[in-house]
Amino acid sequence: MLDPKRIRTEGEALAKQLLVKKFELDVARMENLDQQRKTLQLETESLQNERNLRSKMIGKAKAAGEDISEILQSVDSMKAELETKKEQLHLVQEEITSYLMGVPNVPDDDVPEGNDEASNKEVLRWGEVKNYDFEIKDHAELGEALEQGLDFETAAKLTGSRFVVMHGNAAKLHRALIQFMLDTHTLEHGYTEVNVPYIVNSQSLLGTGQLPKFEEDLYKLRGDHDLYLIPTAEVPVTNLVRDQIIDADRLPLKYASHTPCFRSEAGSYGKDTKGMIRQHQFEKVELVQIVRPEDSNKVLEELTAHAEKILQLLELPYRKVILCGGDLGFAASKTYDLEVWLPSQDTYREISSCSCFTDYQARRMHARWRNPDSGKPELVHTVNGSGLAIGRTLVAIFENGQQEDGSIRIPKVLVPYMNGLELLS
RNA sequence: GGAGAGGUGGCCGAGUGGUUGAAGGCGCGCCCCUGCUAAGGGCGUAUAGGGGAAACCUUAUCGAGGGUUCGAAUCCCUCCCUCUCCGCCA
């Protein structure tokens, strides 16, 4: 959520910035609603104050043994007016917050203009894209040909499209990737591993910004209990600090978490129908940092570098892009996507998304820290990124490591995690 | 699923339908005293919102949401969570 005060005082400037994100802030409507709110709040509060004063007088008069019938009547007569004012005030306040909950975060000054991914700006390329002197296959083909490989058909039988069964060494490679990434982030990059619920309530999803706007992307559990499968570990991990005031010396909090992620992928029917690129269920190692406001930009760079390090160790060629306004996520102020080279598609595909959310999620979550300079609780900043998406990493290893006979070379760093196995064949 | 107990400020912990934003303690901050240290004393110490240039005024908050009442931490209802015992289960 944006700071309501800021909308009040610098609405026009914010509206201009939000245009980069293709969002039209209705400043006039907000001003109008706020004017109503102000009037109603003043009236309501002064009525309440009056009632409180008189009620206290009743207490005193009663204790002194005086007659209270007259004052009782005078306060009784205020009741109806107070009730209606209260109701009106609540309606206006609800309208304001529900509008505010739908306003995205303001993009950082670095964010380039543009409507879609075509306008994303490349900032770095790493690694050599290999030349293959044989006809290359895509990961699905490679995986299905392996005896211990990928099995989309059986997954479709078990569940439906966009699921996969991994057998034997493919499953082991998948597990090795998780282990390797967690080890690297906890041992080399200073993150603390955390294991969290895969089911969350709506409050958590409101906190990180998936709700109320993006409910159709989520799997909701049946029953009356208001629970959802997580679309990313970002939700439970970031919400660890919801409704908390964190001691300054505990910051930054650095969490690494491996979870499955569930996405209904509504509205993406045509895209990536084949293979493991886009699944309803996939796994991810997620990095989350809770930081002091002044550090968040620097931390985004660091955290992105931590994700990049994984790609480098796996010797996978990638590029780094900064997302343009139109492609930037709802709650993010700035996002770097890491895109890995996929030979079969002759292009780079997203494998990690690292974002700074400034105080946007923190305000929704009431996540604060005690600033020693002011002595006051102030909103933290949140930063997160995938480090990395496991399934897509497996895809990249299959495709980049393929050999003419259809076998797949396992990156050196993973060999120990595969108990010495160097080749999938 | 059944039975019981409980949820109060950064923490512990009292609490009567009425001047309780909430005793007391711990912690924390400032100050005093003590030639160091320990001990002691004084004062202060929640959060969010609104109005105001400011001083300051004001509203709300005792798990959440409703209700009763002139007035609710206190009474009633619903829900959530924690603990103990039983059942079931990995």
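Nothing here was measured: the structure is a model prediction, and the numbers come from that model. Sequence lines set the chain letters: A, B, ... in the order given, protein chains first and strands last, and positions in each chain run from 1.
Nearest nucleotide to the side chain of A/Arg8, out of B/rU58, B/rU47, B/rG51: B/rG51. Closest to the side chain of A/Lys38, out of B/rA48, B/rG50, B/rU58, is B/rG50. The side chain of A/Lys376 lies closest to B/rU47 when the candidates are B/rU47, B/rG49, B/rG51. Listed nucleotides: B/rG49, B/rC70, B/rG51. Nearest to the side chain of A/Gln41: B/rG49. Candidate nucleotides B/rU59, B/rA48, B/rG51 were compared by shortest atom distance to the side chain of A/Pro377, and B/rA48 ranks first.
In this structure, the separation between CD1 on A/Ile199 and CG on A/Leu227 is 6.5 Å, given to the nearest 0.5 Å. With rounding to the nearest 0.5 Å, the separation of OG in A/Ser333 from CG in A/Asp109 is 10.0 Å.
Tested against A/Gln93 for a side-chain contact (heavy atoms from CB on, under 4.5 Å), the candidates A/Thr97, A/Leu89, A/Leu91 yield a single pass: A/Leu89.
Here B/rU19 presents its C1' atom at 14 Å from CD1 of A/Ile71, a figure rounded to the nearest Å. Spacing between atom CG of A/Leu82 and atom C1' of B/rG71 amounts to 12 Å, rounded to whole angstrom units. Per the geometry, CZ belonging to A/Arg370 stands 12 Å off C1' belonging to B/rG27, to the nearest Å. Distance A/Glu43 CD to B/rU58 P: 19 Å, rounded to the nearest Å. Here B/rC81 presents its C1' atom at 13 Å from CZ of A/Arg242, a figure rounded to the nearest Å. Straight-line distance from the NZ atom of A/Lys5 to the P atom of B/rG51: 9 Å, rounded to whole Å.
B/rC70 and B/rG52 have their C1' atoms separated by 31 Å, with the value rounded to a whole Å. Nucleotides B/rG25 and B/rG9 have their C1' atoms positioned 13 Å apart, rounded to a whole Å.
A/Lys86 comes within 4.0 angstrom of nothing in the nucleic acid, heavy atoms only. Backbone-only engagement by A/Lys79 is indicated by non-hydrogen atom pairs under 4.0 Å involving sugar-phosphate atoms exclusively.
Between the side chains of A/Thr154 and A/Asp151, a donor-acceptor pair is found at a separation under 3.5 Å.
Between A/Arg51 and the phosphate of B/rU59, there is no side-chain N or O to OP1/OP2 separation shorter than 4.0 Å.
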Given A/Ile390 and A/Met181, is the side chain to side chain contact (heavy atoms under 4.5 Å, CB included) satisfied, shown in steps?
CA-CA 9 Å; A/Ile390 308 297; A/Met181 289 183 199; 3.7 Å; yes
Does the side chain to side chain donor-acceptor pair (under 3.5 Å) test come out yes or no for A/Lys172 and A/Asn419, once each step is laid out?
CA-CA 10 Å; A/Lys172 187 169 183 168; A/Asn419 302 106; 2.6 Å; yes
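With the nearest nucleotide of RNA chain B identified for both A/Glu45 and A/Val75, A/Glu45 has the one nearer the 5' end. In terms of position along RNA chain B, the nucleotide closest to A/Gly59 lies nearer the 5' end than the nucleotide closest to the other residue of the pair A/Asn52 and A/Gly59.
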As a check on the pairing definition, encode RNA chain B in dot-bracket form, counting Watson-Crick and G-U wobble pairs whose two distances are under 3.5 Å, and using | for partners outside this strand.
((((((((.[[[..)..(.....]]]((((((.......))))))((((((....)))))).[[[[[..)....]]]]])))))))....
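Considering every non-hydrogen atom in both A/Tyr228 and A/Ser202, the closest pair reads CE1-CB, 4.0 Å.
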